[in-house]
Amino acid sequence: MSEAKLHLVFGGRVRDPQTLEFTDLEKLDIVGMFPDYASAEEAWRAAAQKTVDDAEMKYVVVHLHKLLQPQE
């Protein structure tokens with residue numbers, strides 16, 4: 001059985017839609033932690049779809065396993 005590769009999905013309001021500069025870190029929407037990219041992407045799509053008409057809202061998937069074990 002392979003080890004889980006953790007992914008974090010979160011979003012919030014950004015200053016510029018082309019950046020990841022979030023305007024209020026206290027108001028980030030933490031969607032959750034996921035054991036694989038497929039489930040993280042599904043959660044990301046669902047969250048992003050809710051704010052599709054708001055260009056200043058952005059959701060991202062962070063590959064935590066790459067931060068925790070950068071040598072892999």
Side-chain angles (χ1 to χ4, degrees):
M1 185 174 182
S2 66
E3 192 175 307
K5 296 196 175 199
L6 292 176
H7 295 79
L8 169 65
V9 178
F10 72 93
R13 191 160 301 285
V14 291
R15 290 192 196 288
D16 177 345
Q18 295 183 6
T19 71
L20 289 173
E21 184 182 351
F22 292 95
T23 60
D24 190 348
L25 298 180
E26 292 183 16
K27 292 184 179 177
L28 287 179
D29 178 16
I30 308 298
V31 178
M33 300 280 289
F34 301 88
D36 55 62
Y37 183 77
S39 57
E41 181 182 25
E42 185 177 329
W44 167 79
R45 286 187 187 282
Q49 185 62 38
K50 292 177 186 175
T51 61
V52 71
D53 292 328
D54 186 348
E56 292 179 344
M57 287 295 290
K58 183 177 261 187
Y59 282 85
V60 296
V61 176
V62 178
H63 301 263
L64 291 181
H65 59 95
K66 291 182 180 181
L67 296 173
L68 297 171
Q69 297 176 322
Q71 69 280 7
E72 289 186 10

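The figures here come from the full heavy-atom set of this structure, side chains too, leaving out hydrogens, waters and symmetry mates.
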List in chain and number order the residues that pass side chain to side chain contact (heavy atoms under 4.5 Å, CB included) with Glu21, two or more places apart in sequence or in another chain; answer none if no residue qualifies.
Arg15, Thr19

Nearest 0.5 Å, what's the OG1-CG distance between Thr23 and Leu28?
8.5 Å

Output the distance between atom CG (Leu64) and atom CE (Met33), rounded to the nearest 0.5 Å.
4.5 Å

Would you please name every residue forming a side chain to side chain contact (heavy atoms under 4.5 Å, CB included) with Val14, sequence neighbours left out?
Phe22, Lys58

Approximate separation, where rounding is to 0.5 Å, of Leu6 CG and Asp36 CG
10.0 Å

Members besides Tyr37 in its Ile/Leu/Val/Met/Phe/Trp/Tyr cluster (side-chain heavy atoms under 4.5 Å)
Val9, Val31, Phe34, Trp44, Met57, Tyr59, Val61

Do Val52 and Phe10 share a hydrophobic cluster, counting only Ile, Leu, Val, Met, Phe, Trp and Tyr and linking them when any side-chain heavy atoms are less than 4.5 Å apart?
no

Partner residues of Glu41 under the salt bridge (Lys or Arg N to Asp or Glu O under 4.0 Å) criterion, sequence neighbours left out
Arg45

Kindly write out the residues that satisfy salt bridge (Lys or Arg N to Asp or Glu O under 4.0 Å) with Glu26, not counting sequence neighbours, or none if the list is empty.
none

What residues form a salt bridge (Lys or Arg N to Asp or Glu O under 4.0 Å) with Arg13, not counting sequence neighbours?
Asp54, Glu56

Closest non-hydrogen atoms of His7 and Ala40, given as atom of the first, atom of the second and distance, are CB-CB, 3.6 Å

